2 protein chains.
Amino acid sequence: MLAGKIRTIYDLAKLAGVSAATVSRALAGKDMVNSETSERIRKLAEEHDFRPSALARNLRTRRRGAIGVVVPLGHDRGQHLSDPFFMTLIGYLADELTERGFDLVLSRVIPSRDDWLSRLIDADRADGFIIVGQSDQSGVLDRIAADYLPMVVWGGFVQGQVHCSIGTDNFLGGRLAMQHLIDRGCRKIAFLGNTQAIEPSLRLEGAKAAIQARSDIELMDTPTHFAPEVSGTDIATFLTQIGDPPDGIFAASDVIALTAMQVLAARGLSVPGDVRVIGYDDLYVAQTSVPPLSTVRQNIAAGASHLVGSLLRRIAGEQTGSVILNPELIVRETT
Amino acid sequence: MLAGKIRTIYDLAKLAGVSAATVSRALAGKDMVNSETSERIRKLAEEHDFRPSALARNLRTRRRGAIGVVVPLGHDRGQHLSDPFFMTLIGYLADELTERGFDLVLSRVIPSRDDWLSRLIDADRADGFIIVGQSDQSGVLDRIAADYLPMVVWGGFVQGQVHCSIGTDNFLGGRLAMQHLIDRGCRKIAFLGNTQAIEPSLRLEGAKAAIQARSDIELMDTPTHFAPEVSGTDIATFLTQIGDPPDGIFAASDVIALTAMQVLAARGLSVPGDVRVIGYDDLYVAQTSVPPLSTVRQNIAAGASHLVGSLLRRIAGEQTGSVILNPELIVRETT
DNA sequence: TTGAAAGCGCTAACAG
DNA sequence: CTGTTAGCGCTTTCAA
């Protein structure tokens with residue numbers, strides 16, 4: 001007995017004997033509408049399983065109700081979106097955004113031209129953007145940030161940067177990690193990571209700062225990809241080349257650390273007996289690792305919360321400053 | 001010298017001395033437009049960094065250019081979107097969809113009313129939906145699938161279901177896992193998982209089938225949450241209650257398996273010496289675990305590829321059948 | 001090959 | 001409190 005599917009507020013308006021405007025108001029819960037009329041309209045909508053098109057609303061209101069979450073993979077193309085760090089952060093972001101009524105539009109970008117970000121912005125589907133990691137695209141981010149407010153970036157902070165970043169103090173984290181290894185007797189330490197991205201490079205600087213004026217300690221910068229499919233080879237090659245293994249490894253991520261532990265094991269080197277390893281991030285994988293993995297914890301949940309909070313303020317037109325959270329050394333070795 | 005920002009195709013049309021229609025055609029790459037005019041318009045667009053609003057186009061064309069990826073968390077509310085299984089699958093989906101020019105709109109849903117899915121569909125932001133896991137919402141999925149074509153579901157297949165599912169053969173996977181434990185001498189085996197969701201319940205059935213007619217083997221169904229924050233307690237409680245520990249554990253997911261291994265270790269039980277553990281999924285965390293974790297591998301990348309492929313065909317109006325991939329037993333124990 | 005005009009489905013002045 | 005009207009920015013007949 002239903003008179004054709006109700007597709008628009010006009011259909012519903014006709015059914016209810018009111019104008020489309022009234023239906024619009026009733027369904028939006030505006031209080032200026034007669035409560036009985038409103039109630040009747042809503043009941044009708046419910047019965048007919050009608051919900052107004054978000055798209056049309058968005059076009060009209062110029063609000064999108066969606067946030068773009070973008071992962072630029074410029075420095076390390078092999079790295080996959082399913083990388084545990086990304087996914088942990090994105091998971092928290094999804095939770096935060098959902099709670100606040102925003103959709104999360106996810107994009108992975110391999111920046112080949114430097115208009116990747118303006119393309120996304122101009123596509124006009126999101127009210128704002130969260131960029132996950134600066135990769136090697138700091139220039140692009142700064143350029144855009146100069147006249148585009150609603151954007152925040154997870155990553156490292158460097159003096160003079162224009163874009164709003166939120167992250168932990170990577171320099172301090174690097175120093176903590178290095179200090180940890182030194183305190184436990186390591187003297188020949190390899191840093192495993194890709195310093196083309198800002199965060200790893202800050203971690204390495206922190207590590208260097210920790211051995212300042214200590215000529216008895218050797219720190220080797222060992223370029224290593226982030227993706228486990230290739231980092232294993234990087235690490236194996238390195239170990240082969242130097243012959244005598246290091247007695248300490250500072251990995252720029254937990255994933256690299258775990259890969260390193262496997263490579264070491266395959267060569268009959270024990271952890272932490274022969275080589276001590278420390279990771280970075282304190283992901284779930286690090287918490288469950290055996291042998292236990294010491295690491296520098298980044299509070300990713302807190303980071304996600306800050307990212308969303310700052311972004312919403314920016315969408316509202318406010319300026320917000322960069323946020324630098326404290327990393328925390330997590331010691332898990334038993335020896 | 002730029003005359004105000006170009007925001008619409010009308011602005012650009014004025015600049016180019018043509019009509020908006022022509023600009024629209026030129027930018028869409030239609031061949032019916034004079035190639036010189038077209039070239040000129042595109043150059044102008046490039047110069048002014050103009051890109052037409054995807055939103056407006058979508059409203060007009062009734063295509064959305066976006067796929068909704070929805071994770072319903074009905075059976076286990078504690079479970080977080082950052083769960084490694086979800087995130088691995090979503091990562092692959094993002095890659096597949098990005099490659100094909102679709103945005104991925106991510107939603108996590110706690111189904112409290114049973115209109116969660118129709119709300120999402122009616123919100124009208126996506127051309128189709130990928131549901132990640134049936135949770136305990138198979139009824140809702142079947143009801144929707146009855147008259148909504150562009151939807152595919154990652155999960156288990158049960159006879160008579162209406163919705164299109166793609167997943168591995170969970171029954172077989174369960175049998176393989178169980179057989180593995182039996183072959184290695186386990187006689188008192190605990191199944192750890194939440195059988196309110198279809199996949200775990202199929203795995204348990206498979207496990208039961210493996211011990212059919214073997215009265216010397218005991219299989220305990222031990223309800224366990226998926227989220228590591230709570231599964232640890234579940235497992236500890238179980239161990240305390242039965243007193244004498246099982247000699248085998250079949251965990252419904254790798255994450256549960258790893259948690260179980262930790263709980264066992266904390267009680268001084270060795271793996272696989274005292275208790276043999278097998279997981280499910282073969283996530284990255286399982287591959288790096290020490291002691292090594294045997295598991296039943298689901299080929300998640302292949303699953304993602306099937307999901308997207310089938311969905312696109314459904315969007316084009318085709319029917320597609322459910323897909324059941326083969327699981328694979330991965331044996332990692334050394335003893 | 002191009003332009004005029006009519007919407008896609010909704011919201012927000014502005015009047016009443 | 002409610003209706004009328006005019007768009008949001010684009011695409012697509014239809015006619016020229």
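Letters A, B, ... are given to chains in the order of the sequence lines, protein chains preceding strands, and every chain is numbered from 1. Just so it is clear, the structure is predicted and the values come from calculations on it, not from any experiment.
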Atom pairs and distances, donor-acceptor, side-chain atoms in residues 6-23 of chain B, under 3.5 Å, two or more places apart:
residue : atom : partner : partner atom : Å
B/T8    : OG1  : B/Y10   : N            : 3.0
B/T8    : OG1  : B/D11   : N            : 3.2
B/D11   : OD2  : B/R7    : N            : 2.8
B/D11   : OD2  : B/T8    : N            : 3.2
B/S19   : OG   : B/A21   : N            : 3.4
B/S19   : OG   : B/T22   : N            : 3.4
B/S19   : OG   : B/T22   : OG1          : 3.3

Could you pull out all donor-acceptor pairs under 3.5 Å where a side-chain atom in residues 24-35 of chain A meets a protein atom, sequence neighbours excluded?
residue : atom : partner : partner atom : Å
A/N34   : OD1  : A/E36   : N            : 2.7
A/N34   : OD1  : A/T37   : N            : 3.2
A/N34   : OD1  : A/T37   : OG1          : 3.4

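Along DNA chain C, the nucleotide nearest B/V18 and the nucleotide nearest A/L59 are compared for position; the residue whose nucleotide lies closer to the 5' end is B/V18.
In this structure, B/E47 does not pair ionically with B/K43, as no charged nitrogen and carboxylate oxygen lie closer than 4.0 Å. Salt bridge absent: B/R314 and B/E318 never bring a charged side-chain N and a carboxylate O closer than 4.0 Å.
Taking every nucleotide of DNA chain C with any atom under 4.0 Å from a non-hydrogen atom of chain A, the first and last of them, 5' to 3', are C/dG9 to C/dA13.
By the side-chain hydrogen bond (donor to acceptor under 3.5 Å, both in side chains) test, B/S118 pairs with no residue at all, sequence neighbours left out. Checked against side-chain hydrogen bond (donor to acceptor under 3.5 Å, both in side chains), B/D127 has no partners two or more places apart in sequence or in another chain. Remark: A/E99 engages no residue in a side-chain hydrogen bond (donor to acceptor under 3.5 Å, both in side chains) (not counting sequence neighbours). Residues meeting the side chain to side chain contact (heavy atoms under 4.5 Å, CB included) test with A/T61, sequence neighbours left out: A/R57, A/R63. In this structure B/R125 satisfies the side-chain hydrogen bond (donor to acceptor under 3.5 Å, both in side chains) test together with A/D103, sequence neighbours excluded. When the salt bridge (Lys or Arg N to Asp or Glu O under 4.0 Å) test is applied to B/R60, no partner is found at least two apart in sequence or on another chain.
Sorted by first and then second residue, the side-chain hydrogen bond (donor to acceptor under 3.5 Å, both in side chains) pairs involving residues 137-152 of chain A (not counting sequence neighbours) are A/W116-A/Q137, A/D142-A/H163.
If you measure from atom CG of A/D31 to atom C1' of D/dT2, you get 14 Å, rounded to the nearest angstrom. Here D/dG9 presents its P atom at 8 Å from CZ of B/R7, a figure rounded to the nearest Å. If you measure from atom CZ of B/R62 to atom C1' of D/dG9, you get 16 Å, rounded to the nearest angstrom.
When the C1' atoms of four end pairs are superposed on the next four at each end of the helix from C/dT1-D/dA16 to C/dG16-D/dC1, using five pairs per end, the two resulting axes differ in direction by 40°, to 10°.
In this structure, B/T8 does not reach the D/dG9 phosphate: none of its side-chain N or O atoms is under 4.0 Å from OP1 or OP2.
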Worksheet, complete the sentence: Its contact letters, B for base, S for sugar-phosphate only and - for none at protein heavy atoms under 4.0 Å, make nucleotides 11-16 of chain D read BBB---

